[in-house]
Number of protein chains: 2
Amino acid sequence: MAKHDPDLSLLFHALSDPTRRAMLTRLASGPARVTDLAEPTGLKLPTVMRHLSVLEQAGFITTAKDGRIRTCAIVPEAMEPVRTWIDEQRAIWEARLDRLDAFVMNVIKETEE
Amino acid sequence: MAKHDPDLSLLFHALSDPTRRAMLTRLASGPARVTDLAEPTGLKLPTVMRHLSVLEQAGFITTAKDGRIRTCAIVPEAMEPVRTWIDEQRAIWEARLDRLDAFVMNVIKETEE
DNA sequence: ATCATGCTTAGCCATATTGCTAAGTATTGC
DNA sequence: GCAATACTTAGCAATATGGCTAAGCATGAT
């Protein structure tokens, strides 16, 4: 498929890892240092840094360094395109009120064996 | 991070590819054959099949074969866990009404240079 | 000045992902 | 029967991902 729409791919990819989702959940309740985010994961710092940069490139978090400490904070608005896409999908399939698909698929499947 | 929660990873991963999202959008307006789904992508059939099986394993679509034709249909409910997770995230950060994070981050960043 | 802390960079390894081609198999139409 | 259609399977190549270790570089505390 054409390669526009790079945003959503970045966003969904960032969310596709449990470690990164856990980090977002942690950050949802307030900013944290890199080391603090690393601790519950059991992962080494370089690995954690990588997850954080994926989240940052997707726009889900901002980070800034003060002295030797880098603080990470969530960017709630970043979730909007995701939510919007999902809502649009729903809008399309709800435009067809018929629940015929599932019925048809079942008929086919029952015919199968 | 611990490996529970395998569902969401599957779901988000499935959505992280533009070809797969386009297929879902196409299917949102009604069931389709594999070849029909392949056509607008410009991809070869085996590649398309792989995308479809990713979507099917995630639970976003059902497929069934009638004769030599495989028909694919969307499974709208499959999107629910995704939507739920996003809503939960929002609930957490909205529980903190303060918009202090962004402010703090800005201060740090301005101090930076 | 020295040392611990906190991140950062570089680079390696294993596996997964996304595309392909080539060669099947199973149906349908003539 | 025979050919066209519609997948399907097997296997390859390039790149991406997710983990690590080792070593580097500031900053803060003593």
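Within every chain, numbering begins at 1; the chains are lettered A, B, ... in the order of the sequence lines, protein sequences first and strands thereafter. What you are looking at is a predicted structure, and each value in this text was computed from that prediction instead of being measured.
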Side-chain contact check for Thr47(B): nearest option of dG6(C), dC20(D), dG19(C) is dG19(C)

**Prompt:** For Lys44(A) and dA22(D), is the shortest distance between a side-chain N/O and OP1 or OP2 below 4.0 Å?
**Reply:** no

From CG of Leu37(B) across to P of dC7(D) the rounded distance in Å is 9 Å

Leu10(B) atom CG is separated from dT17(C) atom P, nearest whole Å, by 9 Å

* dT8(C) phosphate, OP1 or OP2: any side-chain N/O from Arg70(A) under 4.0 angstrom? -> yes

note: Leu45(B), atom CG; dG11(D), atom P; distance rounded to Å ~ 20 Å

Whole-Å distance, Phe12(A) CZ to dT17(D) C1', equals 19 Å

Arg50(B) has its side chain closest, among dG19(D), dC20(C), dA6(D), to dC20(C)

With the criterion being N/O to N/O and under 3.5 Å, what pairs connect the protein with nucleotides 23-27 of chain D, and how long is each?
unit_1  : atom_1 : unit_2   : atom_2 : d
dT27(D) : O2     : Arg68(A) : NH1    : 3.1

Out of dT8(D), dG19(C), dG18(D), minimum distance to the side chain of Thr19(B) belongs to dG19(C)

Result for 5'-nearest mapping on DNA chain D, choosing between Arg33(B) and Ser16(A), is Arg33(B)

Contacts of Pro81(B) meeting side chain to side chain contact (heavy atoms under 4.5 Å, CB included) (sequence neighbours excluded), chain-then-number -> Leu8(B), Leu11(B)

- Query: With side chains defined as the heavy atoms from C-beta onward, is the minimum distance between Val48(B) and Thr19(B) less than 4.5 Å?
  - Reply: no

Salt bridge (charged side-chain N to carboxylate O under 4.0 Å, His left out) filter on Arg26(A), not counting sequence neighbours, yields none

Quick note, Arg20(A) side chain, CB onward, closest among dG18(D), dG19(C), dC7(D) is dG18(D)

Across all chains, not counting sequence neighbours, the ring pair (Phe, Tyr, Trp, His ring centres under 6.0 Å) partners of Phe60(A) are none

Separation of dT17(C) atom P from Asp17(A) atom CG, nearest Å, is 12 Å

Taking the side chain as C-beta and beyond, is there a heavy-atom pair between Leu43(B) and His51(B) under 4.5 Å? yes

- Message: Strictly below 4.0 Å: does His13(A) bring a side-chain N or O up to OP1 or OP2 of dT17(D)?
- Response: yes

By salt bridge (charged side-chain N to carboxylate O under 4.0 Å, His left out), Arg90(A) pairs with (sequence neighbours left out) Glu80(B)

For Val54(A), the side chain to side chain contact (heavy atoms under 4.5 Å, CB included) test, sequence neighbours excluded, returns His13(A), Ala14(A), Arg20(A)

To the nearest angstrom, the CE-P distance between Met49(B) and dG24(C) comes to 18 Å

Ranking dG6(C), dG18(D), dC7(D) by distance to the side chain of Ile69(B), first place goes to dC7(D)

